[in-house]
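Here the structure is laid out as structure tokens; the discussion comes afterwards.
Every heavy atom of this structure was used, including side-chain atoms; hydrogens, water molecules and symmetry mates were not. Throughout, numbering of the chain's residues begins at 1 and tracks the sequence.
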Amino acid sequence: MYADVAVCLPLTRTFVYRIVDPVRIGVRVQVKFRRRDVDGFVVGLRKEIPESVDALPIEKVLDPQPLLNPDVFDLCRWIADYYLAPIGEVLKSALPPGITQKHIAAFDPHKRKRGPGAVAPTPFLLTTDQLRALYEIEKAEGFTTVLLHGVTGSGKTEIYIQAAERTLSKGKTCLILVPEIGLTPQVSERFSERFPDLVAVLHSGLTGKQRREEWLRIRHGGAPIVVGTRSAVFAPLTNIGLLIVDEEHETSYKQEETPRYNARDTAI
């Protein structure tokens with residue numbers, strides 16, 4: 001058996017390696033590439049290769065199971081195809097930096113009590129315009145894009161919060177993207193006030209340890225609401241029922257370095 005491996009380098013093609021130990025699509029592996037060890041992701045499996053190809057063996061399987069859930073893995077494939085981005089670099093970006101099996105084994109999902117019962121009651125009454133906007137969001141069936149337009153101070157965040165409350169009551173999760181790191185504290189604080197212990201924050205301004213812990217908390221279902229910048233579009237949420245892109249016109253949603261992508265269009 002052989003594996004198509006996307007190495008974590010700015011290369012758009014994949015490379016064939018011989019499988020020594022069983023692997024699954026999506027797992028990280030370590031391979032020899034140009035006389036050095038590099039990490040990569042298994043993106044395909046095959047039984048045969050041309051006789052002219054001399055496939056090196058996979059040096060090490062880094063994860064017994066894929067760390068990325070199938071939805072995020074497929075999203076990374078879409079980004080690579082649509083933006084002509086190196087698939088290995090995209091997959092690497094979807095994981096918190098430096099995460100290993102030791103971090104996964106050491107994480108305790110029961111360290112703090114979390115659950116739907118922690119949701120605080122809604123203390124604010126909406127205006128007529130806010131109610132109308134919330135109704136338009138709620139009546140949408142399946143996946144639908146809705147543009148919420150309002151001047152600063154018109155109460156858009158309160159609409160987000162109440163839409164999130166209704167989404168959580170259905171057993172679904174929420175992702176809120178903001179254009180800048182500086183905006184995450186005020187948005188996450190507003191949500192945390194109403195949803196104690198249910199909000200995670202993801203952005204590049206966090207330390208590696210903080211990003212790993214938040215990512216693992218989301219992955220284990222401890223944070224059904226995620227607030228973050230463009231990289232939070234890779235959050236390991238399942239069953240997303242509400243996805244908000246605040247100030248969707250901001251150019252900061254465009255990733256300027258490899259892998260390049262537009263977080264707003266990726267969210268859609």
Side-chain angles (χ1 to χ4, degrees), residues 1-17 19 21-34 36-46 55-56 58-104 107 175 177 200 202-204 206 208 211-216 218-220 226 228-238 240 243 253-268:
M1 286 288 290
Y2 300 87
D4 292 312
V5 176
V7 293
C8 298
L9 295 170
L11 300 168
T12 54
R13 59 162 294 192
T14 60
F15 299 86
V16 177
Y17 286 85
I19 295 173
D21 299 313
V23 296
R24 292 176 55 187
I25 291 177
V27 301
R28 291 182 302 173
V29 294
Q30 188 177 84
V31 296
K32 283 287 185 186
F33 186 80
R34 294 176 182 171
R36 63 191 177 107
D37 292 332
V38 299
D39 291 349
F41 290 80
V42 174
V43 296
L45 298 173
R46 58 173 76 189
L56 294 173
I58 291 174
E59 297 283 316
K60 186 187 299 184
V61 179
L62 301 178
D63 307 308
Q65 303 291 333
L67 294 186
L68 298 175
N69 67 42
D71 287 344
V72 176
F73 186 80
D74 289 343
L75 179 67
C76 290
R77 282 184 176 274
W78 178 85
I79 290 173
D81 290 342
Y82 188 77
Y83 293 103
L84 302 180
I87 180 63
E89 294 282 86
V90 178
L91 291 165
K92 181 180 177 181
S93 297
L95 290 174
I99 191 166
T100 66
Q101 287 299 314
K102 289 184 179 180
H103 299 127
I104 295 170
F107 179 76
L175 175 60
L177 301 182
L202 286 178
H203 58 70
S204 60
L206 301 175
R211 291 173 71 178
R212 288 190 294 268
E213 289 182 347
E214 290 290 79
W215 187 88
L216 286 167
I218 299 164
R219 189 169 183 255
H220 282 85
V226 176
T229 51
R230 60 177 178 261
S231 61
V233 76
F234 297 111
L237 289 168
T238 57
I240 296 178
L243 205 165
Y253 281 118
K254 295 181 179 180
Q255 173 96 343
E256 297 297 335
E257 60 271 6
T258 303
R260 291 178 172 84
Y261 64 92
N262 185 329
R264 182 203 57 187
D265 294 350
T266 299
I268 294 173

Nearest-0.5 Å distance, OG1 of residue Thr100 to CG of residue Leu95: 11.5 Å
Any Asp39 side-chain heavy atom under 4.5 Å of Lys92 side chain: no
Closest contact, heavy atoms only, Ala232 versus Val226: CB-CG1, 4.4 Å
Nearest non-hydrogen partners of Ile87 and Cys76, listed with the distance: CD1-O, 3.7 Å
Side chain to side chain contact (heavy atoms under 4.5 Å, CB included) between Leu45 and Ile25, intermediate numbers included: CA-CA 7 Å; Leu45 298 173; Ile25 291 177; 4.0 Å; yes
Close side-chain approach of Val31 to Val38, heavy-atom, < 4.5 Å: yes
Any Arg211 side-chain heavy atom under 4.5 Å of Glu213 side chain: no
Side chains of residues 259-268: which donor-acceptor pairs under 3.5 Å do they make with residues two or more places apart or in other chains?
| residue | atom | partner | partner atom | Å |
| --- | --- | --- | --- | --- |
| Arg260 | NE | Glu256 | O | 3.0 |
| Arg260 | NH2 | Glu256 | O | 3.2 |
| Asn262 | OD1 | Arg264 | N | 2.9 |
| Arg264 | NH1 | Glu248 | OE1 | 3.0 |
| Thr266 | OG1 | Asn262 | O | 2.8 |

Distance, nearest 0.5 Å, that separates CD of Gln30 from CG of Asp37: 4.5 Å
Plane angle bin for Phe107 and His220 - parallel if under 30°, tilted between 30 and 60°, otherwise perpendicular: tilted
Nearest-0.5 Å distance that lies between atom CG in Asp71 and atom CG in Leu237: 10.5 Å
Nearest heavy-atom neighbours spanning Gly88 and Phe41: O-CE1, 4.1 Å
Beyond-backbone contact of Pro22 with Met1, side-chain heavy atoms, under 4.5 angstrom: no
Full working for side chain to side chain contact (heavy atoms under 4.5 Å, CB included) between Asp4 and Val16: CA-CA 5 Å; Asp4 292 312; Val16 177; 3.5 Å; yes
Atom of Ala94, atom of Val72 and distance for their closest heavy-atom approach: CB-CG1, 4.1 Å
Closest approach of Gly26 to Phe73 (non-hydrogen atoms, all atoms of both residues): CA-CE1, 3.8 Å
Phe234 side, atom CZ; Leu75 side, atom CG - distance, nearest 0.5 Å: 6.0 Å
Exam field: side chain Tyr17 to backbone Val42, donor-acceptor pair closer than 3.5 Å: no
His103 to Leu216 - nearest heavy-atom pair and separation: O-CD1, 3.8 Å
Side-chain donor or acceptor of Arg77 paired with backbone N/O of Val43 under 3.5 Å: yes
Spatial distance of atom CD (Gln101) from atom CG (Asp63) [nearest 0.5 Å]: 4.5 Å
Straight-line distance of Glu214 CD to Arg212 CZ, nearest 0.5 Å: 12.5 Å
Stepwise side chain to side chain contact (heavy atoms under 4.5 Å, CB included) test for Leu9 and Arg34: CA-CA 12 Å; Leu9 295 170; Arg34 294 176 182 171; over 6 Å; no
Lys254 NZ: over 12 foreign heavy atoms closer than 6.0 Å: no
